[in-house]
Amino acid sequence: MRQVAIALALLAAPAAAATPEERLAAAGFTLPEPTKPIATYVTSVETGNLLFLSGHGECGPNRTLGKVGKDLTVEQAQAAAQRTGLCMLATMKAALGELSRVKRVVRVLGFVNATPEFTQHPAVINGFSNVMVVAFGDAGKAARAAVGAPSLPLGMAVEVEATVEIAPR
């Protein structure tokens with residue numbers, strides 16, 4: 001059901017003059033508090049015209065845990081990937097000050113905690129990618145890989161890392 005709402009939001013996104021934050025709000029999305037590192041790393045690194053984003057899962061204590069194909073359906077994992085996208089957008093906003101500095105999402109690497117038999121990894125990571133398209137339009141479409149993993153940190157269902165091109169301050 002939520003995936004249908006996202007598809008409709010993609011089609012009805014406000015005009016290009018709207019900010020990414022306004023497009024997200026119009027689609028019914030709210031950015032969470034950015035995540036904090038759980039080990040020795042930072043959540044983002046800005047260098048030149050690029051922002052590298054560390055692997056993100058969902059923000060907050062209510063993460064979707066489990067293995068897709070065993071504990072979780074594709075739809076549940078897509079929703080987790082969508083919330084992961086919102087978490088990453090919150091990190092981008094904290095790092096950049098405003099999402100309008102993002103010129104395009106360049107590369108996305110999505111990991112799905114899945115059973116060996118599971119093969120719908122791209123469908124799961126579409127939850128993440130669709131949120132990027134809501135925020136940035138066609139500039140939210142990235143070169144992407146969606147792969148299965150035998151486990152992910154803390155047992156989360158989805159982890160995504162990304163690289164985005166940014167405008168100067």
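Sequence positions, counted from 1, serve as the residue numbers for this chain.
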For residues H56 and T43, is any side-chain donor paired with an opposing acceptor at under 3.5 Å? no
Distance-minimising heavy-atom pair for L31 and L86: CD2-O, 3.6 Å
Any heavy-atom pair between the side chains of F111 and I125 that's under 4.5 Å? no
Mind checking whether V164 and M92 have side chains closer than 4.5 Å, heavy atoms only? yes
Search all heavy atoms of A157 against all heavy atoms of L72 and return the closest pair with its distance. CB-CD1, 3.4 Å
Value for CD (Q120) from OG1 (T73), rounded to nearest 0.5 Å, stands at 10.0 Å
Could you tell me which non-hydrogen atom of A139 sits nearest to which non-hydrogen atom of K103, and how far apart they are? CB-O, 3.3 Å
Rounded to the nearest 0.5 Å, what separation is found between the CD atom of E161 and the CG atom of L109? 4.5 Å
Contact check, side chains of V131 and L24, non-hydrogen atoms, under 4.5 Å: yes
Please report the interatomic distance CZ(F128) to CZ(R144), rounded to the nearest 0.5 Å. 9.5 Å
Any donor-acceptor pair under 3.5 Å linking the side-chain atoms of T64 with those of E58? yes
What's the verdict on side chain to side chain contact (heavy atoms under 4.5 Å, CB included) for V133 and K141, showing C-alpha distance, side-chain angles and the deciding distance? CA-CA 6 Å; V133 172; K141 294 179 183 175; 3.7 Å; yes
NZ on K67 to CG on L152, rounded to 0.5 Å: 7.5 Å
Would you compute the distance between atom CG of L53 and atom CG of L51 and round it to the nearest 0.5 angstrom? 4.5 Å
Tell me whether M88 shares a hydrophobic cluster with L96, the cluster being built from Ile, Leu, Val, Met, Phe, Trp, Tyr side chains joined at under 4.5 Å. yes
In short, disulfide bond (SG atoms under 2.5 Å apart) pairs touching residues 49-85 with sequence neighbours left out are C59-C87
Heavy-atom donor-acceptor pair, R104 side chain to E165 backbone, under 3.5 Å: no
Any donor-acceptor N/O pair, S54 side chain to V42 backbone, under 3.5 Å: yes
Distance-only polar pair, side chains of R83 and N62, donor-acceptor under 3.5 Å: no
CD (E46) and CD1 (I166) are apart, to the nearest 0.5 Å, by 3.5 Å
Verify same cluster id: F118, V160 (apolar side-chain graph, 4.5 Å): yes
Donor-acceptor pair, distance only, cut-off 3.5 Å: does the side chain of R101 make one with the backbone of A167? yes
Would you call N113 and V158 a side-chain contact if the rule is heavy atoms closer than 4.5 Å? no
Do the side chains of F29 and L89 get nearer than 4.5 Å, heavy atoms only? no
